[in-house]
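Accompanying notes for the structure given below.
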Amino acid sequence: MTRSSPRSFRPGPGASAQHMARLIRAEEIRRQHRTARWLLPLTALPCAALAVWTWSLGGWVSLLVALVPPAYTACRVYRSSGSSWAKGAAGERRTARILVPLVFFGAGRWAVLHDRAIPRSSANLDTMVAGPPGMVLVDSKNVLSAKSTLRVSNGQLYSGRYRMALDTVEWEASRIQQSLGTPVTAIVAVHGAAVPGGRLRIGNVIVIPASRLRSTLRRLPRQPGWNKSHVQGMAMLADARFPPKA
């Protein structure tokens, strides 16, 4: 990543997306500073002149005239436009919290890896889960409107007019499978939107509400040989093959 520093990047769920969000916000603030340098004086000077002219009406009126328009302008200039990276990072962190009980009470039967780099690629894996059902890729999708409902059209998943790139999720799962030599189940965990019927299967990807992630993982078919030692061994191999995104 450009303009990165060790101090600003802390590995963890959604860390790379949050880091990118900070870089975007920093650049946005630099642009806002450039705008503020000419716009705020342009607003403040006429207001100051008008405040002097209205002094006879009372000091508080003049104070409002002098301060309110520049303050409003400053708020408009420095407001954040928001970032899809920040929203994505928030979804990944929520997914991580959902999975905590699975690992904590799983007595070694489950292992979770977050925010992993794909070698020779700029993409990253949101979450990898190793457990009785084998290796599972969990991709978090954070939809802004809680009133939104996903829809399927021509074999594609949409939230409003936005198409969710499930083909990318399938590709990521295939990279894990090639590297680890084991089948991979791909799951999209949706935050903030309803999934029709509570579950969809599009191609090789299972789409569910994030709230059902733990129960879905537990209900997946168990794979032969995926006992505690094998799960931990595969988690260590995945950790080596897919290092934390930096």
Side-chain angles (χ1 to χ4, degrees), residues 1-2 4-6 8-21 23 85 88-89 91-104 106-142 164-189 202-208 210 213-214 216-218 220-246:
M1 294 183 183
T2 58
S4 62
S5 68
S8 61
F9 186 87
R10 297 183 177 89
S16 59
Q18 188 60 52
H19 182 58
M20 183 60 74
L23 295 179
W85 290 98
E92 291 180 46
R93 288 193 295 269
R94 283 198 287 271
T95 295
R97 289 194 290 271
I98 289 170
L99 292 173
V100 165
L102 198 69
V103 178
F104 188 78
R109 293 175 297 170
W110 297 89
V112 178
L113 302 173
H114 295 288
D115 199 21
R116 296 293 163 143
I118 300 177
R120 298 179 297 280
S121 169
S122 60
N124 73 298
L125 307 168
D126 288 356
T127 306
M128 286 189 291
V129 179
M135 188 63 65
V136 182
L137 168 66
V138 179
D139 190 83
S140 300
K141 300 294 186 187
N142 196 6
M164 293 187 173
L166 300 188
D167 50 345
T168 301
V169 180
E170 288 192 78
W171 175 81
E172 291 173 353
S174 70
R175 290 296 299 269
I176 300 172
Q177 181 167 326
Q178 291 169 9
S179 181
L180 302 183
T182 185
V184 177
T185 302
I187 293 178
V188 168
I202 303 175
N204 294 319
V205 180
I206 299 169
V207 182
I208 56 170
L213 180 56
R214 285 200 308 271
T216 298
L217 288 169
R218 292 191 181 106
L220 289 174
R222 291 175 174 265
Q223 299 301 312
W226 281 76
N227 52 31
K228 293 181 185 179
S229 60
H230 188 68
V231 166
Q232 296 305 316
M234 290 300 293
M236 291 177 64
L237 180 60
D239 182 48
R241 298 282 175 85
F242 299 97
K245 184 77 172 177

Tabulate below the donor-acceptor pairs under 3.5 Å that side-chain atoms of residues 232-243 make, not counting sequence neighbours, or state none.
residue, atom, partner, partner atom, Å
Gln232, NE2, Gly108, O, 2.8
Asp239, OD1, Arg116, NH1, 2.4
Asp239, OD1, Arg116, NH2, 3.2
Arg241, NH1, Ser179, O, 2.4

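To the nearest 0.5 Å, atoms CE (Met128) and CG (Leu137) are separated by 8.0 Å. Taking OG1 of Thr185 as the reference point, atom CD of Gln177 lies at 9.5 Å (rounded to 0.5 Å). Taking CG of Asn204 as the start and OG of Ser174 as the end, the distance is 10.0 Å to the nearest 0.5 Å.
Val205 and Val188 get closest at one heavy-atom pair: CG1-CG2, 3.6 Å. Of all the heavy atoms in Val231 and Pro132, the pair that sits closest is CG2-N, 4.4 Å. A pairwise comparison of heavy atoms in Val138 and Ala189 identifies CG1-CB, 4.0 Å as the closest pair. Between Met135 and Ala130 the shortest heavy-atom distance is CE-CB, 3.9 Å. In terms of heavy-atom proximity, Pro133 sits nearest to Gln223 at O-CG, 3.1 Å.
Judged as a side-chain hydrogen bond (donor to acceptor under 3.5 Å, both in side chains), and not counting sequence neighbours, the contacts of Ser229 are Asn227. Remark: Asp167 engages Arg163, Ala165 in a side-chain contact (heavy atoms from CB on, under 4.5 Å) (not counting sequence neighbours). Under the rule for a side-chain contact (heavy atoms from CB on, under 4.5 Å), the partners of Ala123 that lie at least two apart in sequence or sit in another chain are Ile118, Ser121, Trp171, Glu172. When the side-chain contact (heavy atoms from CB on, under 4.5 Å) test is applied to Pro101, the partners found at least two apart in sequence or on another chain are Phe105, Arg214.
Here the side chains of Asp126 and Thr95 are not in contact, with every heavy-atom distance at 4.5 Å or above. Annotation: side chain of Val207 is not in contact with side chain of Met164 (no heavy-atom distance under 4.5 Å). Ile187 has its side chain within reach of Leu220: a pair of non-hydrogen atoms, C-beta onward, lies under 4.5 Å apart.
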Test side chain to side chain contact (heavy atoms under 4.5 Å, CB included) applied to Leu125 and Arg175, step by step: CA-CA 10 Å; Leu125 307 168; Arg175 290 296 299 269; over 6 Å; no
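For the side-chain contact (heavy atoms from CB on, under 4.5 Å) with Leu102, the lone residue among Val100, Leu99, Ile98 that qualifies is Leu99.
Residue pairs that meet the salt bridge (Lys or Arg N to Asp or Glu O under 4.0 Å) test with at least one member in residues 130-140, sequence neighbours left out, are Asp139-Lys141.
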